[in-house]
Amino acid sequence: MTATISYDDVEVGAELPARTFDVTRATLVRYAGASGDFNPIHWNERFAKEVGLPDVIAHGMFTMAEAIRVVTDWAGDPGAVVEYGVRFTRPVVVPDDEQGATIEVSGKIAAKLDDNTVRVDLTATSAGQKVLGMSRALVRLA
């Protein structure tokens, strides 16, 4: 598999198309079923508040997966991502209403490396707060 973006066509500082991802309680239930992570902080408001959370929160791995979609959509091939890591800085709080929460993700080329590889730095926020820190992907381009 190969990215559709050419290494020669990319410059440091170039921004990737930003994306917005909506998250509802139904989204979390579907993710819990797919991942097998049924921790009640992700679906039970009473339990989440009892353990000190403001409300139900999205799975960290779900948030991480949504963020990398900015890179895979841009690159044109998920297999082009050779490394990806984040730090979880704040939870994505998902209220029990029609809107739920929104995750806003942007990215930019931070460095051009050897072997047609670039480092993409991502910024992910929800409710005006940064939810992922040190979110970086190494991507091998065409």
Side-chain angles (χ1 to χ4, degrees), residues 1-7 9-113 115-142:
M1 298 186 153
T2 305
T4 58
I5 303 292
S6 171
Y7 179 83
D9 294 338
V10 173
E11 295 184 24
V12 172
E15 294 188 13
L16 280 61
R19 297 261 327 255
T20 299
F21 303 98
D22 295 325
V23 187
T24 64
R25 296 278 178 97
T27 308
L28 299 182
V29 170
R30 287 191 298 274
Y31 182 82
S35 69
D37 181 352
F38 293 99
N39 186 324
I41 64 172
H42 303 304
W43 56 270
N44 184 317
E45 184 174 336
R46 179 186 47 78
F47 183 85
K49 288 181 177 182
E50 283 177 1
V51 298
L53 295 168
D55 207 331
V56 164
I57 62 170
H59 303 73
M61 296 303 286
F62 172 82
T63 304
M64 186 178 177
E66 292 291 80
I68 196 65
R69 288 176 60 190
V70 167
V71 176
T72 59
D73 289 352
W74 168 77
D77 176 14
V81 176
V82 295
E83 186 177 312
Y84 176 48
V86 306
R87 289 196 176 139
F88 301 106
T89 56
R90 294 191 188 279
V92 175
V93 178
V94 183
D96 188 15
D97 59 20
E98 298 297 319
Q99 291 78 36
T102 302
I103 303 168
E104 298 94 14
V105 183
S106 61
K108 70 177 174 178
I109 307 299
K112 289 183 82 168
L113 308 169
D115 198 23
N116 284 15
T117 304
V118 296
R119 189 184 90 212
V120 177
D121 289 354
L122 296 167
T123 301
T125 61
S126 183
Q129 303 256 342
K130 194 171 182 181
V131 295
L132 298 176
M134 299 294 291
S135 184
R136 296 179 173 171
L138 295 182
V139 185
R140 184 158 295 118
L141 301 179

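Keep in mind that what you see is a predicted model, and the values were worked out from it rather than measured.
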Which heavy atom of [X] sits nearest to which heavy atom of [Y], and what is that distance?
{"X": "Val23", "Y": "Ala58", "result": "CG1-CB, 4.5 Å"}
{"X": "Pro95", "Y": "Ala101", "result": "CD-N, 4.3 Å"}
{"X": "Ser135", "Y": "Val86", "result": "OG-CG1, 3.3 Å"}
{"X": "Arg140", "Y": "Val82", "result": "NH1-CG1, 3.6 Å"}
{"X": "Thr72", "Y": "Pro78", "result": "CG2-CA, 3.7 Å"}
{"X": "Glu98", "Y": "Thr24", "result": "O-CG2, 4.2 Å"}

Which pairs pass ring pair (Phe, Tyr, Trp, His ring centres under 6.0 Å) with one or both residues in [range], sequence neighbours excluded?
{"range": "residues 69-103", "answer": "none"}
{"range": "residues 18-45", "answer": "Tyr31-His59, Tyr31-Phe62, His42-His59"}
{"range": "residues 89-113", "answer": "none"}

Rounded at 0.5 Å granularity, tell me how far [atom1] in [X] sits from [atom2] in [Y].
{"X": "Leu141", "Y": "Asp9", "atom1": "CG", "atom2": "CG", "result": "9.5 Å"}
{"X": "Ile109", "Y": "Ile5", "atom1": "CD1", "atom2": "CD1", "result": "8.5 Å"}
{"X": "Ile57", "Y": "Thr63", "atom1": "CD1", "atom2": "OG1", "result": "8.5 Å"}
{"X": "Glu66", "Y": "Leu132", "atom1": "CD", "atom2": "CG", "result": "11.0 Å"}
{"X": "Glu104", "Y": "Arg19", "atom1": "CD", "atom2": "CZ", "result": "12.5 Å"}
{"X": "Lys130", "Y": "Thr125", "atom1": "NZ", "atom2": "OG1", "result": "10.0 Å"}

TODO: Give a yes or no answer on whether the side chain of Asp115 reaches the backbone of Thr117 with a donor-acceptor pair at less than 3.5 Å.
DONE: no

TODO: Examine distances only and state if a side-chain atom of Lys112 and a backbone atom of Arg119 form a donor-acceptor pair shorter than 3.5 Å.
DONE: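 Pair absent, no side-chain N/O of Lys112 close to backbone of Arg119.
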
TODO: Kindly state each residue pair satisfying salt bridge (charged side-chain N to carboxylate O under 4.0 Å, His left out) with at least one member in residues 31-40, sequence neighbours excluded.
DONE: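 Found none.
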
Task: Passing option when Thr102 is tested against Val92, Asp22, Val94 for side-chain contact (heavy atoms from CB on, under 4.5 Å) - done: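 The single option meeting the side-chain contact (heavy atoms from CB on, under 4.5 Å) with Thr102 is Asp22.
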
TODO: Not counting sequence neighbours, which residues clear side chain to side chain contact (heavy atoms under 4.5 Å, CB included) with Arg90? List them please.
DONE: Gln129, Val131

Task: Flag side-chain contact, heavy atom, 4.5 Å: Val120 against Val118 - done: yes

Task: Side chain to side chain, Leu16 and Val71, heavy atoms closer than 4.5 Å - done: yes

Open item on the list: Can you tell whether the side chains of Asp121 and Lys108 come within less than 4.0 Å, N to carboxylate O?
Closed with: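 A salt bridge is absent here (no side-chain N lies under 4.0 Å from a carboxylate O).
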
Donor-acceptor pairs under 3.5 Å, side chain of residues 47-56 to any protein atom, not counting sequence neighbours: which ones?
residue : atom : partner : partner atom : Å
Lys49   : NZ   : Glu45   : OE2          : 3.1
Glu50   : OE2  : Arg46   : NH1          : 3.3
Asp55   : OD1  : Arg25   : NH2          : 2.7

